[in-house]
4 protein chains.
Amino acid sequence: MDESKKLWGGRFAGKTDPGFAEFNNSFRFDRRLFEADVTASIAYCEALEGASVLTAEEGNQIRRALRDILAAGCFNDSSAEDVHSFVEARLIELTGDLGRRLHTGRSRNDQVATDFRLWLRDAIDDLNTIIRDTQTALLDFAETNREIVIPGYTHLQRAQPVLLAHWCLAYFEMLARDRERLSEVRARVNVMPLGSAALAGTSFQIDREALASSLGFAAVSRNSLDAVSDRDFCVEFLSACALIMVHLSRLAEDIILYATTEFGIFELGDAIATG
Amino acid sequence: MDESKKLWGGRFAGKTDPGFAEFNNSFRFDRRLFEADVTASIAYCEALEGASVLTAEEGNQIRRALRDILAAGCFNDSSAEDVHSFVEARLIELTGDLGRRLHTGRSRNDQVATDFRLWLRDAIDDLNTIIRDTQTALLDFAETNREIVIPGYTHLQRAQPVLLAHWCLAYFEMLARDRERLSEVRARVNVMPLGSAALAGTSFQIDREALASSLGFAAVSRNSLDAVSDRDFCVEFLSACALIMVHLSRLAEDIILYATTEFGIFELGDAIATG
Amino acid sequence: MDESKKLWGGRFAGKTDPGFAEFNNSFRFDRRLFEADVTASIAYCEALEGASVLTAEEGNQIRRALRDILAAGCFNDSSAEDVHSFVEARLIELTGDLGRRLHTGRSRNDQVATDFRLWLRDAIDDLNTIIRDTQTALLDFAETNREIVIPGYTHLQRAQPVLLAHWCLAYFEMLARDRERLSEVRARVNVMPLGSAALAGTSFQIDREALASSLGFAAVSRNSLDAVSDRDFCVEFLSACALIMVHLSRLAEDIILYATTEFGIFELGDAIATG
Amino acid sequence: MDESKKLWGGRFAGKTDPGFAEFNNSFRFDRRLFEADVTASIAYCEALEGASVLTAEEGNQIRRALRDILAAGCFNDSSAEDVHSFVEARLIELTGDLGRRLHTGRSRNDQVATDFRLWLRDAIDDLNTIIRDTQTALLDFAETNREIVIPGYTHLQRAQPVLLAHWCLAYFEMLARDRERLSEVRARVNVMPLGSAALAGTSFQIDREALASSLGFAAVSRNSLDAVSDRDFCVEFLSACALIMVHLSRLAEDIILYATTEFGIFELGDAIATG
């Protein structure tokens, strides 16, 4: 990594230890924030224009460059410390010193938090679609097997006969709760920290409401110290995912059990069986 | 434990192993469900009357006995396997064989699930009150220390000055999210499984909507197989509690750090200090 | 709690907040360290005598009192903050100011760490005995069912026939590893922190080797800062216990499955079955 | 993935669902077992020769091919379901039907368990070296800063002065325990499951002691059902790693705290600092 190219280079006199630089490098995993980072930067550029930090002409130039960067996509760059420095380096290549001014009133702290929320919002939407499709498959299976009766078990002992559809729709309910949880997590993800700067907010006249609206956020964070450090939404999301996996694992276990020679309720097709 | 008194005694010929009985006994911890269990039974008694399983006279007799049991409170009873058998044994003492009929169309499975939800609903309400009080204390502290400025830190290095009130209100925000999460968990707790019996529902004409309404449940469960086995709400509640503790632990850590000789921002009063 | 009786009372001028005192009180759960605490104190008293902090006569008087306290057992005492202050208060009742001198060169920090290790060492020995008994039961079961052949399963599909004894002895092996792990944890538990004082050791001439030997510790800790803070052994012990539970849970699951109508390999006796 | 090339192809009539195949594919992460898989196969080939399943000539041909495969390294192969089928496919390319006979008396179950243990044994050795190097660095730091005294803290309040070297060597002790734990896990990893086949062992005359010795295993597993399913060693290893991280995290936290303006004990060099 070329020391002179590093964005923090000005402040520190000594050389960075290569082992430390490698340890500190997050580009190999945060590169998935690439789209979110460029998108948030385009919106932030408009906000800086609105705050008269950038002229209309400067704003246009930066946005054009960011759109080109987005179109070119994220590629390997051994001098990038993280995805944010990757995008910033590209921007400076295209616009020179003007590009450096995009970071005015912004910090890595609120930038990362914003990117992360944009990315997770999309991930939740994708996951929600997959679960809805699974629910549809369960409904279809229940519909086409309406007459079939199987034993209902308590402690794996036969208790009462139940419809196969009834068994199947129990999983529909579990997944319905999972989607409800995801939608609640999404509401807390969909709050914009941008404008919090490092931790104390910024004195530039950023119109945070307009910025949030342009990025599709439903609200802006109220306390900058909280906003830059809040990662509750990650724990919440992982917790919701853990419950989804519990439900799918229970479904898989039922299927494996019902497909045994002994239970003989299901027979698995070759399409989903392997040695 | 007197074998002849056991509620399952009729079905099993051999004696229960004493070690197994002790292992299986849950009275020492599920006795906290006592109030919930009696409350749910009183409501269920009305539902059985509505379903013409009990006459008005029989219903009255059982409800009077249950109210006496509630008033007498839960006490040690070495023959009780769990809180449900404790209450049932008391009821049979007071009403004879009539008491046994309260369990008509009901199973331990939906009974336990219902009791647990009633109990947790109260626990969430209590917790919510405590957190709201903590928020009020934070607001008061911010209000009375409006002018004080402290260093704001990133990576424990001084970054920007902030108001002490700003630091304080960051915790207000965290706790606001905690309360939001609790209220969402509460909505999923507040669904009534009663009427699901062991797993397949009951053929008695229980009016589940009326029963739910009398117990303050906002909805009834839709699938009996799911309803008797669903414990998602426990995981959700514990996950919400874990985040609350993360926030309080972070607050405590800040206070401990700010109270060091080196930071010198706070001085702890003797009221909350010990060797 | 009587403020004047508190052991830290001298240092702090203001009153302790009652809510804080209750929060800080650990007597209801650390009272199980009672025996360990008294035992360690008797040995420490000898060490103080060896260091000429106490005369032989004073040492005898304290040890006699501690033996009386041990014989009397631990009882409820609302003024006790924890088990250590409970024992110390009893000692002062019996020996007056002399009792206070037992704490010379000792801190709660090394005292708690020592008590905890003594207690856990016993707990590990008890657990080890129970697991060995379970192994014996598995061996007996294998021995008496030598000829029986059952299906061996992969992914719950029948793969190859195996001896029931072979299945049974797989659990013997798992428990053998569990005992090996426990014995390794025990070796790390069995190291004495006493003599580390608050964190920097003590200047009194405590013969730590003799003290360790009298308490049955195999070694003394080498670094006092590490010794007072090390709780690795708790994590290790819990991790070993988690694996034990995984093995027992797997055994239970096999038995439940093999006892189904469908598999029909086992039939459970009434002694260990309930509704 | 070419259906006709799949190793299980013979048994199943229908086509595999592409989504299922992708879900089931583990090549992208188990390819790191490549070296272990080939090494174990070379040793197993000798064992088959010893059991007269292969002639000396056949054995030589297979081993030559496996050494060529090892030298060529692992590369992307879209038809590989996992690393084992990757190696097997290469072997069949080089030796034709003879290559298929290497799997005689062996199952994926004991093969995977063996590969995993070989790989983890190396990983533990590497980790142990890194920790020993860290201990050496701590010793050097203590040695070169012998005279420096810093405050010792309890609850972050200054308690007693300590040598910086004393603080430093506390971490030496923690890492010493970590290495002890790793060596104990390693002993349980270093047991060979090969020869257990799918679950019930094999009737071919495999000399397991010789096989273990050639792979550097200190012992052979005693029960085949246990051996193919045992993954205790993974949990143990992760638990040991978690404690290592707790220690390193504590060290990092101390350094961050001591490097604050307020504590002022350390000043971090530019080589390991960044914005």
Side-chain angles (χ1 to χ4, degrees), chain A residues 107-109 151-155 157 159-163 165-178 180-181 183-185 187-188 191 196-203 221-236 238-240 242-244 246-247 250 254, chain B residues 107-109 151-155 157 159-163 165-178 180-181 183-185 187-188 191 196-203 221-236 238-240 242-244 246-247 250 254:
Chain A
S107 155
R108 280 286 180 267
N109 291 356
Y153 296 88
T154 55
H155 312 288
Q157 296 294 325
Q160 294 173 278
V162 294
L163 288 175
H166 192 52
W167 166 82
C168 188
L169 293 177
Y171 290 98
F172 182 93
E173 293 297 322
M174 295 176 216
L175 297 179
R177 281 194 301 277
D178 289 326
E180 206 172 277
R181 273 185 286 267
S183 80
E184 292 164 0
V185 176
R188 271 183 294 277
V191 173
S196 301
L199 62 91
T202 173
S203 51
S221 60
R222 282 183 300 230
N223 182 296
S224 59
L225 268 169
D226 174 48
V228 294
S229 64
D230 173 28
R231 294 293 185 274
D232 288 2
F233 61 89
C234 306
V235 178
E236 279 194 75
L238 291 174
S239 177
L243 279 171
I244 294 170
V246 166
H247 297 151
R250 180 177 164 189
D254 269 7
Chain B
S107 154
R108 281 287 180 265
N109 291 354
Y153 297 88
T154 55
H155 311 287
Q157 296 295 324
Q160 295 173 277
V162 294
L163 288 174
H166 192 52
W167 165 82
C168 189
L169 294 177
Y171 290 98
F172 182 92
E173 293 297 323
M174 295 176 216
L175 297 179
R177 281 194 300 277
D178 288 327
E180 206 173 277
R181 273 185 285 269
S183 80
E184 292 165 359
V185 176
R188 272 183 292 277
V191 173
S196 302
L199 62 92
T202 172
S203 51
S221 59
R222 282 184 300 230
N223 182 295
S224 59
L225 269 169
D226 173 48
V228 293
S229 63
D230 173 29
R231 293 293 185 275
D232 288 0
F233 60 89
C234 306
V235 178
E236 279 193 75
L238 292 174
S239 177
L243 279 172
I244 294 169
V246 166
H247 297 151
R250 179 177 164 189
D254 269 7

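Naming: A, B, ... by sequence-line order, numbering from 1 per chain.
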Out of curiosity, [X] [atom1] to [Y] [atom2], how far, rounded to the nearest 0.5 Å?
| X | Y | atom1 | atom2 | result |
| --- | --- | --- | --- | --- |
| A/D232 | B/M174 | CG | CE | 8.0 Å |
| B/L169 | A/N223 | CG | CG | 6.5 Å |
| B/L243 | A/R231 | CG | CZ | 13.5 Å |

Interface moiety of [X] toward chain B, non-hydrogen atoms closer than 4.5 Å:
| X | result |
| --- | --- |
| A/S221 | neither |
| A/Y171 | neither |
| A/R250 | side chain |

Query raised in the report: With sequence neighbours excluded, what pairs up with A/A176 under the side-chain contact (heavy atoms from CB on, under 4.5 Å) test?
Result: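 With sequence neighbours excluded, A/A176 shows a side-chain contact (heavy atoms from CB on, under 4.5 Å) to A/Q135, given in chain and number order.
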Query raised in the report: Taking NZ, NE, NH1 and NH2 as the nitrogens, is one of them in A/E236 or B/R177 under 4.0 Å from a carboxylate oxygen of the other?
Result: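 Salt bridge absent between A/E236 and B/R177.
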Query - Which portion of B/F172 sits near chain A, non-hydrogen atoms under 4.5 angstrom - result: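 Neither the backbone nor the side chain of B/F172 comes within 4.5 Å of chain A.
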Query raised in the report: By a 4.5 Å heavy-atom criterion (distance strictly below it), what part of B/A159 contacts chain A: side chain, backbone, both, or neither?
Result: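 Contact with chain A involves the side chain of B/A159 alone.
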Highest number of heavy-atom pairs under 4.5 Å with chain A: which of [options]?
| options | result |
| --- | --- |
| B/T154, B/V246, B/L199, B/V162 | B/L199 |
| B/P161, B/S229, B/A197 | B/S229 |
| B/A200, B/A240, B/G201, B/G152 | B/A200 |

Query raised in the report: Taking only residues two or more places apart in sequence, or in another chain, which ones meet A/D254 in a salt bridge (charged side-chain N to carboxylate O under 4.0 Å, His left out)?
Result: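 Per chain and number, A/D254 pairs via salt bridge (charged side-chain N to carboxylate O under 4.0 Å, His left out) with no residue.
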Requested in this report: Report yes if some heavy atom in the side chain of A/D230 is under 4.5 Å from a heavy atom in the side chain of B/E173; otherwise report no.
Outcome: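 A/D230 vs B/E173: side chains apart.
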